[in-house]
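Reviewing the structure listed below.
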Amino acid sequence: MRACVLTATGGLDHLQITDVPDAPAPTVGEVRISVRAAALNHLDLFVAEGMPGGADRFPHIVGADGAGVVESVGPDVKTVKVGDRVMLNPGISDYTCEFCRAGEHSLCVNFRLLGEHLPGTIAALVTIPAQNVARIPQLAEELTWAEAAAFSLVTLTAWRMLVMRAQLKAGETVLIWGIGGGVSLTGMRIAKLLGARTIVTSSDDDKLSKAKALGADVTLNHKTQKISQEVRALTNKRGVDVVFDNVGAATWDDSLRCLRRGGRLVTCGATSGPNVSLDLRRLFWHHWSILGSTMGNAAEYAEIVRRLGQGELRPIIDGVYPLERARDAYERLARAEQLGKVVVELLYGV
């Protein structure tokens with residue numbers, strides 16, 4: 001089958017479009033999907049560079065998000081059938097450990113991600129557990145393959161961050177860094193869905209203008225403005241209730257300066273670096289909550305799919321590239337030029 005693979009880690013020069021063995025036939029509880037489209041995430045850039053626990057056998061098929069048609073099913077699979085249009089939840093749990101039994105699948109002791117620890121989605125076929133596929137909801141305006149592929153990872157991640165971890169409420173104010181990224185853009189839309197006020201940042205005024213059109217209440221340019229000063233002025237020195245941060249080292253200090261007393265900082269990533277400092281005296285004096293978050297559980301995934309079926313949280317697509325131009329898609333993401341999701345289609349234009 002045709003696929004986009006890494007032949008080694010160390011950067012995008014090691015990406016290659018080539019033929020690899022077909023994904024294995026499904027066994028008990030598995031399905032094999034004929035992939036139509038796969039969406040990129042910042043995770044894919046990290047995998048290409050090389051990261052602890054990431055790809056160590058090559059060629060390694062890349063891509064976490066995807067959507068396609070069920071090509072075959074293993075024994076005892078009843079939830080989907082051959083021919084169903086489905087999208088993939090890329091977080092693979094063992095469904096047996098103590099956390100899985102408690103319904104916390106993203107805390108699974110054997111948690112793995114497609115495209116990072118397992119063969120990914122930028123390939124003609126992928127085989128995964130049936131628990132990790134969901135039928136694409138039928139909408140009046142049918143979801144494109146690109147939209148279906150772009151939905152799962154960022155929506156599940158942002159939903160868990162704001163709804164379950166930070167417990168954002170109507171009337172609260174949330175600061176969201178880097179609005180061009182898929183998780184941040186989705187986080188803004190979820191926050192608006194919950195009735196919260198959103199302050200979003202970018203270093204690109206054009207992205208800020210587009211974010212405003214998509215519903216952002218306040219836009220700030222973190223290249224030309226001091227965000228903590230602006231936020232304090234906007235909130236009458238109180239600070240925001242929640243900071244939504246996946247940037248890490250570059251934004252950490254300002255994130256804390258933006259928090260109100262008793263505020264919550266929720267983070268799912270560290271695109272600018274993982275190491276930060278923290279004055280514990282400020283932490284306990286201000287009663288801050290620092291919350292980590294990764295992906296989400298099966299119930300949360302079912303809920304975001306239900307909401308998609310109601311017409312909410314439809315993905316915003318930045319650009320779509322055919323498989324042979326997957327490197328171009330990666331490079332656009334690496335340059336941080338996107339607003340929304342960058343997608344690779346395996347059957348371009350179909």
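It should be emphasised that the depicted structure is a prediction, and the values quoted were computed from it without experimental measurement.
Between E337 and K207 no salt bridge is recorded (no basic side-chain N to carboxylate O distance below 4.0 Å). Using a cutoff of 4.0 Å between basic side-chain nitrogens and carboxylate oxygens, K210 and D206 are scored as salt-bridged. Salt bridge annotation for K226-D254: present, with a cationic side-chain nitrogen under 4.0 angstrom from a carboxylate oxygen. Ion pair R101/E98 not flagged as a salt bridge, since none of the NZ, NE, NH1 or NH2 atoms sits closer than 4.0 Å to an Asp/Glu carboxylate oxygen. One finds a salt bridge joining E147 and R314 here, because a Lys/Arg side-chain nitrogen approaches an Asp/Glu carboxylate oxygen to under 4.0 Å. Of the charged side-chain nitrogens involved, none lies within less than 4.0 Å of a carboxylate oxygen, so that D318 and K341 do not count as a salt-bridged pair. Between R32 and D22, no side-chain nitrogen of the basic residue sits less than 4.0 Å from a carboxylate oxygen of the acidic one, so the salt-bridge criterion is not met.
Evaluation of the side chain to side chain donor-acceptor pair (under 3.5 Å) rule for E312 yields R307 as partners, not counting sequence neighbours. The side chain to side chain donor-acceptor pair (under 3.5 Å) check on S152 picks up Y301, with sequence neighbours excluded.
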Pairs of donor and acceptor atoms involving the side chains of residues 3-20, under 3.5 Å and at least two apart or interchain, shall be tabulated with distances.
from: T7; atom 1: OG1; to: H14; atom 2: O; distance (Å): 3.3
from: D13; atom 1: OD1; to: R327; atom 2: NH2; distance (Å): 2.9
from: D19; atom 1: OD1; to: R2; atom 2: NH1; distance (Å): 3.4

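In this structure, Q310 places its CD atom where more than 12 heavy-atom neighbours from other residues, nucleotides or ligands lie under 6.0 Å away.
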Apply the test side-chain hydrogen bond (donor to acceptor under 3.5 Å, both in side chains) to residues W177 and S184: give CA-CA distance (whole Å), side-chain angles for both, the deciding distance (0.1 Å), then the verdict. CA-CA 7 Å; W177 290 96; S184 295; over 6 Å; no

